[in-house]
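What follows is one structure encoded as structure tokens, with my remarks underneath.
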Amino acid sequence: MKQNKVKFAPVLKKIVVYALLIMVAIIMVGPFIWLLSTSLKSGGENVFSYPPQLIPEQVSFGNYVEVMKTFPFARYLLNSVIVTVFTVILTVIFCTMAAYPLARMNFRFKKTIFFLILCTMMIPFQLLMIPVYLISMKLGLQNTYAGMILPNITTAFGVFLMRQAITVVPFEMDESARMDGANSMQILFRILMPLVKSSIATLAIFTFITAWGDFLWPLIIISDQDMFTLPLGLNMLSGTFTSDWRLISAGAVISMAPVVILFLFVQKYFIGGIMKGAVKS
Amino acid sequence: MRPIKMTPFLFLLPGCLILGTFVFFPMLHALWLSFTDYNMIQNASFVGLANYSELFKDDLFWKVLLNTIIYVVGVVPALVIVPIFVAVLINQEIKGAVFFRSAFFLPVVTSLVVAGLAWDLIYKEHGVLNYFLETTGMIDDPIQWLTSPSTALYAVMVVTVWKGIGYYMVIYLAGLQSIPESLYEAAKIDGANWWQQVTRITIPMLMPFIALVSIMSVIAAMKVFEEIYIMTGGGPLHSSETLVFYIYTEAFSNLDMGYASAAGVVLFIFTLILTAINLKFTGKSGNIT
């Protein structure tokens, strides 16, 4: 009797755990599956049929063809890639450079500067969007890649994260390099950066997610359609085809596909990187 | 006096230049603008506290402020609590953990525009949600989730929570994996059941992470914009309009930059107060700065 109970409990627990996991998975992925299903329905099919049909009566790629004809998704994708890649690379470089003296050198105003940098964490971009818009107009950044990139390439989080990472590298590494005649620049880029590459990966992933999904700032600074990123392009598409959900869904699927495919390949690093970020901060 | 060494400042220069141009200067500028009347065509003229007094007299401002508070109160507890359970679930020894983890994280990597559209489709009158609720007998007639003033704000809140669960789940996973297994073994020997283990070991040990998530989610909820822009446009009848949406409309549709900046300053003070309260309550349990 007792033997049975011991065996039974873990099995029941497993069933409950899996049932819950599947339920959560349906809630998290379901909306995307539904989007995909809608995008594959042909013109004759009612998208809002009761009961809803998950499997299209007749799978059709017509909506994709139609959407691609009207919307230059390749161009949007290119813009998104350019903005994201430069934002990530420059964020990593600028934050690491700023972090280096804060972690390794003694100089006047060091504490004040670090404190001021950390203060920027408290200031939401939404408060600043008006003056940032005005200054970007003055600098001629409207409708440029630089306009989308420059305001985002130094973050307090990044400086903080990189400072933490450099602080734990033994100081002997710097000293022996300096004995060999390396200057500060070489020490940072040749010695320290390779040693803190897991923190760099974390920062890159965080920056990637924000830059790729950024919507509000591009919405403000970009009005030229040729400069639209994927979220802006999709927003415009949904405005154009207000009630044609087959086409809107097709557009949404196209615009999310690149990042989903990338994520599925590197999900281990993505999730690992964020876990590291959480422990560090 | 020692001469000031230049090297540290050279390294700090690029980052500080960016922060100076796009954070510190704009911050002072925003404060200045809030005391002016500025429409981008004529020069800004100083009007003292007129924007603020106009703001506090505007019924719509109080409405969006209330909506923002409702948003924070609704979204933050869900974002702090739900991901704990999801993380605990996924942290078990199960087959397919990688699959489930990726599935739960998927909404985080997709843009809010895609997410907003996907949920818009689900919320439609003859959409999946109404069908599900009707067939299970929870409602009698379809609900106009996004187009009726009594539900629009809450319907959008669900999307914010849904989009955030995966992100905070990962933060909690990091926390869970830092808890030594020996604590649970000791508890099992003492005869503690699953619920006791969660409430006596997991939750207390997660406190620093709970503090982090609550600060992050408060700030995120305060500045909600995209979901609302995509799904409801603030409507119907401003029922789902929040503070940032209000600032955006005043600034970029009405070109009332001074007035919008005053609303922005209120948002900032509000965020500061909430973060301070948050730190006071949670700060003692962890070393989060």
Side-chain angles (χ1 to χ4, degrees), chain A residues 17 20-21 24-25 28-29 31-32 34-35 38 48 50-52 94-95 97-98 100-101 105 107-108 113 117 120 122-124 126-128 130-132 135 150-151 153-154 159 184 209 213 215-216 220 230-231 234-235 238 245 248 252 255-256 259-260 263-264 267 271 274-275 278-279 281, chain B residues 4-5 7-8 11-12 14-15 18-19 21-23 26-27 29-30 33 86 89 92 94 100-114 117-119 121-122 124 126-128 131 170-171 173-174 209 212 219 223 225-226 244 247 251-252 257 260-261 264 267-268 271-272 275:
Chain A
V17 166
L20 286 170
L21 282 171
V24 180
M28 302 311 269
V29 185
F32 299 123
W34 192 243
L35 214 51
T38 307
F48 297 110
Y50 246 44
F94 282 22
C95 290
M97 279 180 72
Y100 172 52
M105 299 176 190
F107 54 95
R108 292 181 70 181
I113 291 173
I117 291 175
T120 63
M122 304 289 297
I123 307 161
Q126 284 73 4
L127 164 71
L128 303 175
I130 297 164
V132 170
I135 198 171
L150 286 179
I153 52 177
T154 305
V159 176
S184 299
I209 293 176
F215 179 69
L216 176 56
I220 293 171
L230 282 171
L234 182 60
N235 173 49
S238 75
W245 278 95
I248 296 176
S255 73
M256 73 179 281
V259 72
V260 169
F263 169 67
L264 292 180
Q267 58 86 19
I271 290 171
I274 289 182
M275 282 168 74
V279 176
S281 57
Chain B
I4 296 178
K5 281 185 292 183
T7 330
F11 279 100
L12 282 162
I18 294 293
L19 289 179
T21 317
F22 295 108
V23 180
M27 212 175 90
H29 196 185
L33 278 173
V86 178
L89 263 183
Q92 325 255 343
I94 43 165
F100 285 113
R101 214 176 56 173
S102 308
F104 298 172
F105 198 74
L106 200 58
V108 180
V109 293
T110 53
S111 79
L112 263 167
V113 183
V114 173
L117 289 173
W119 277 89
L121 189 58
I122 285 171
K124 282 278 182 275
H126 295 290
V128 181
Y131 176 76
V170 172
I171 293 179
L173 267 178
F209 295 87
L212 178 69
I219 295 177
K223 56 187 195 189
F225 172 82
E226 278 94 341
V244 171
I247 298 170
F252 298 104
M257 298 285 173
S261 295
L267 171 74
F268 177 57
T271 314
L272 223 54
T275 312

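Sequence lines set the chain letters: A, B, ... in the order given, protein chains first and strands last, and positions in each chain run from 1. Every heavy atom of this structure was used, including side-chain atoms; hydrogens, water molecules and symmetry mates were not.
Between A:Leu216 and B:Glu226, some side-chain heavy-atom pair lies under the 4.5 Å cut-off. A:Gln126 has its side chain out of reach of B:Phe268: every pair of non-hydrogen atoms, C-beta onward, lies at least 4.5 Å apart. Residues B:Pro14 and A:Met97 form a side-chain contact, since some pair of their non-hydrogen atoms from C-beta on lies under 4.5 Å apart. For the pair A:Ile274 and B:Phe105, the minimum side-chain heavy-atom distance is below 4.5 Å. The side-chain heavy atoms of A:Phe107 and B:Leu12, taken from C-beta on, include a pair separated by under 4.5 Å. The shortest distance between side-chain heavy atoms of B:His29 and A:Ile135 does not fall below 4.5 Å. Proximity of A:Leu230 to B:Ser111: side-chain heavy atoms (C-beta onward) are nowhere separated by under 4.5 Å. For the pair B:Phe100 and A:Val24, the minimum side-chain heavy-atom distance is 4.5 Å or more.
The minimum heavy-atom distance between B:Pro26 and A:Leu128, with the atom names listed, is C-CD2, 3.9 Å. Among all heavy-atom pairs drawn from B:Val170 and A:Ile271, the shortest one is CG1-O, 3.5 Å.
When each of A:Val260, A:Ile209, A:Asn235, A:Ile248 is scored by its heavy-atom pairs under 4.5 Å with chain B, the top score falls to A:Asn235. In terms of heavy-atom pairs under 4.5 angstrom with chain B, the leader among A:Val29, A:Val132, A:Ile220 is A:Ile220.
Listed by chain and number, the residues in a side chain to side chain donor-acceptor pair (under 3.5 Å) with B:Ser102 are A:Gln267 (sequence neighbours excluded).
Contacts of A:Phe215 with chain B are made by both backbone and side-chain atoms, with heavy-atom separations under 4.5 Å. Proximity to chain B involves both the backbone and the side chain of A:Ser184, based on heavy atoms less than 4.5 angstrom apart.
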